[in-house]
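This report concerns only the one structure given below.
Residue numbers count from 1 along this sequence. Since this is a predicted model, take the numbers as computed values, not measurements.
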Amino acid sequence: MTQIVPPGMEQVVPQFGYAPGLVASGFLFMAGQLGRDDEMRVIEDPEAQMTRAWQNVIAILVAGGCAVRDIVDVTTFHVELRRHLALYRQVRDRFMQGHAPPWTAIGVSELSRPGLIVEIKCIARLPGASQ
């Protein structure tokens, strides 16, 4: 198994005790990604927060040798799911570029820090891995 820690996420391992991604058995497993700035502060604007969470997903994919089309499963956790779902889908669609893997959206009462409204967790298959 190999930890995946993209540039800019190095502080996550010692500060929070987990790796952003892990390669195992031909797959890249990703920790839930949030919309925080470089100083780990919550981004308040919903669209900007969702965009940053997806940018973090992409950074982990790239660092693990994958692309968006390699994603095989997406799970998202939403505070006020119904309120933000349409906006979330718009942001997601900009990043997914027509790729539509299985997706589960779960409404939750809160995330790890006040103000967070979405957490995105993905699994990707490594290019060249057997099906």
> What pairs meet the side chain to side chain donor-acceptor pair (under 3.5 Å) rule with one or both residues in residues 111-124, with sequence neighbours excluded?
Replying inline: none
Residues that [X] engages under salt bridge (Lys or Arg N to Asp or Glu O under 4.0 Å), provided they are two or more places apart:
| X | answer |
| --- | --- |
| Arg52 | Asp38 |
| Glu110 | none |
| Arg83 | Glu80 |
| Glu39 | Arg41 |

Would [X] end up clustered with [Y] when hydrophobic side chains under 4.5 Å apart are linked, directly or stepwise?
| X | Y | value |
| --- | --- | --- |
| Ile43 | Met50 | no |
| Ile120 | Leu85 | yes |
| Phe77 | Leu87 | no |
| Met96 | Val62 | yes |

> Nearest 0.5 Å, what's the OG1-CD distance between Thr51 and Gln90?
Replying inline: 10.5 Å
>> Using 0.5 Å steps for rounding, measure from the CG atom of Leu126 to the CG atom of Asp70.
In response: 8.0 Å
Side chains of [X] and [Y]: does their closest heavy-atom pair fall under 4.5 Å?
| X | Y | value |
| --- | --- | --- |
| Val79 | Leu116 | no |
| Pro114 | Val42 | no |
| Val118 | His84 | no |

N/O donor to acceptor pairs below 3.5 angstrom from side-chain atoms of residues 21-36, sequence neighbours left out:
residue	atom	partner	partner atom	Å
Gln33	NE2	Ala31	O	2.9

When the side chains of residues 2-18 are checked against the rest of the protein, which donor-acceptor pairs come out under 3.5 Å, sequence neighbours left out?
residue	atom	partner	partner atom	Å
Glu10	OE1	Gly8	N	2.9
Glu10	OE2	Gly8	N	3.3

> salt bridge (charged side-chain N to carboxylate O under 4.0 Å, His left out): which pairs involve residues 86-108, sequence neighbours left out?
Replying inline: Glu47-Arg94
> Taking Pro20 as the fixed residue, which of Val57, Asn56, Ile60 is the one that meets the side-chain contact (heavy atoms from CB on, under 4.5 Å) rule?
Replying inline: Ile60
Got a list of side-chain donor-acceptor pairs under 3.5 Å for residues 97-107, not counting sequence neighbours?
residue	atom	partner	partner atom	Å
His99	NE2	Ile71	O	2.8
Trp103	NE1	Thr76	OG1	2.8

> Who pairs with His78 by ring pair (Phe, Tyr, Trp, His ring centres under 6.0 Å), at least two apart in sequence or on another chain?
Replying inline: Tyr88
